[in-house]
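The next block holds one structure in the form of structure tokens; read it before the comments.
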Amino acid sequence: QVRLVESGGGLVQPGGSLRLSCAASTFYFRTAVMSWYRQAPGKERELVATISSSGGSTNYADSVKGRFTISRDNAKNTVYLQMNSLKPEDTAVYYCTLHPNYWGQGTQVTVSS
């Protein structure tokens, strides 16, 4: 059974930074594509970033390019999302996913002064 546990969310002021972590309890982590999604109240779920199994390829939503960085440590079965220059519109529940269709429980990120 695949289990994904996110951590690192919280309240931060505009312009601040947070680093999200997602620990996976599966041997298949190191062969899996991983992504971060987010969903804000009243909005559709949005794909934020994706990273290949090796970490050599990444993709980002236009809304976060240049501010967010996805990375992974296959030795620790963990994927990260470094979020810098945060804006109020980044406020959402952030989910990590292990392709094709495994999801974590989500972690709340609130950007507010």
Side-chain angles (χ1 to χ4, degrees):
Q1 183 177 354
V2 176
R3 186 166 178 242
L4 303 172
V5 180
E6 300 101 333
S7 60
L11 173 63
V12 64
Q13 291 188 342
S17 298
L18 282 175
R19 188 175 84 152
L20 306 183
S21 299
C22 172
S25 63
T26 174
F27 172 80
Y28 299 104
F29 175 85
R30 59 198 64 196
T31 64
V33 173
M34 299 293 295
S35 295
W36 286 95
Y37 284 78
R38 67 185 181 186
Q39 188 164 23
K43 294 190 176 182
E44 292 193 355
R45 192 171 290 175
E46 175 189 20
L47 175 60
V48 175
T50 298
I51 188 166
S52 63
S53 57
S54 68
S57 177
T58 57
N59 286 287
Y60 298 91
D62 287 343
S63 58
V64 306
K65 269 181 191 174
R67 300 188 298 122
F68 290 11
T69 302
I70 188 171
S71 62
R72 65 191 296 159
D73 185 338
N74 284 349
K76 296 182 178 179
N77 279 14
T78 301
V79 63
Y80 305 97
L81 186 68
Q82 178 68 44
M83 305 186 295
N84 299 328
S85 302
L86 283 161
K87 305 175 181 180
E89 51 263 44
D90 294 318
T91 295
V93 178
Y94 284 72
Y95 301 89
C96 76
T97 71
L98 186 151
H99 292 214
N101 198 27
Y102 296 99
W103 291 75
Q105 82 288 352
T107 186
Q108 177 70 47
V109 172
T110 302
V111 184
S112 174
S113 55

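Computed from a prediction, not measured in an experiment: that's the story for all the values here. Hydrogens, waters and symmetry mates play no part in the numbers below; they use all other heavy atoms, side chains included.
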Do L98 and L81 belong to the same hydrophobic cluster, where Ile, Leu, Val, Met, Phe, Trp and Tyr are linked whenever their side-chain heavy atoms lie under 4.5 Å apart, directly or via other members?
yes
Under 4.5 Å between side-chain heavy atoms, chaining through other members, with only Ile, Leu, Val, Met, Phe, Trp and Tyr counted: pull out the rest of the cluster around F27, sorted by chain and number.
Y28
Under the side chain to side chain contact (heavy atoms under 4.5 Å, CB included) criterion, do L20 and E6 qualify, and how do the steps go?
CA-CA 7 Å; L20 306 183; E6 300 101 333; over 6 Å; no
Following the transitive rule for hydrophobic clusters with a side-chain heavy-atom cut-off under 4.5 Å over Ile, Leu, Val, Met, Phe, Trp and Tyr, establish whether V111 and Y94 coincide in one cluster.
yes
For a side-chain contact (heavy atoms from CB on, under 4.5 Å) with L11, tell me which candidate from T91, L18, T110 qualifies.
T110
Shared hydrophobic cluster, I70 / Y102 (ILVMFWY, side-chain heavy atoms < 4.5 Å)
yes
Tell me if the CZ atom of R3 is crowded by more than 12 foreign heavy atoms within 6.0 Å.
no
Minimum-distance pair of heavy atoms, taken over all atoms of V79 and C96:
CG1-CB, 4.5 Å
CZ/F68 to OG/S85 distance, rounded to the nearest 0.5 angstrom?
9.0 Å
Less than 3.5 Å apart, any donor N or O on the side chain of S63 or E46 sitting next to an acceptor on the other?
yes
Does the ring center of W103 lie less than 6.0 Å from the ring center of Y37?
yes
same_hphob_cluster(V93, V109) at 4.5 Å side-chain heavy-atom cutoff:
no
Once you round to the nearest 0.5 Å, how far does CE of M83 lie from CZ of R19?
11.5 Å
Which atom pair, heavy atoms only, marks the closest approach of A40 to A92?
N-CB, 3.8 Å
Restricting to non-hydrogen atoms, name the atom on S17 and the atom on N84 that form the minimum distance, rounded to 0.1 Å.
OG-OD1, 2.9 Å
Can you tell me how far the CH2 atom of W36 sits from the OG1 atom of T97, to the nearest 0.5 Å?
9.5 Å
So the side-chain hydrogen bond (donor to acceptor under 3.5 Å, both in side chains) pairs with at least one residue in residues 64-74 (sequence neighbours excluded) are D62-K65, R67-D90, R72-N74
Nearest atoms (heavy-atom pairs only) where V64 meets V48:
CG2-O, 3.7 Å
Does OH in Y60 sit with more than 12 non-hydrogen atoms of other residues, nucleotides or ligands closer than 6.0 Å?
yes
Check against side chain to side chain contact (heavy atoms under 4.5 Å, CB included), L4 and Y95:
CA-CA 9 Å; L4 303 172; Y95 301 89; over 6 Å; no
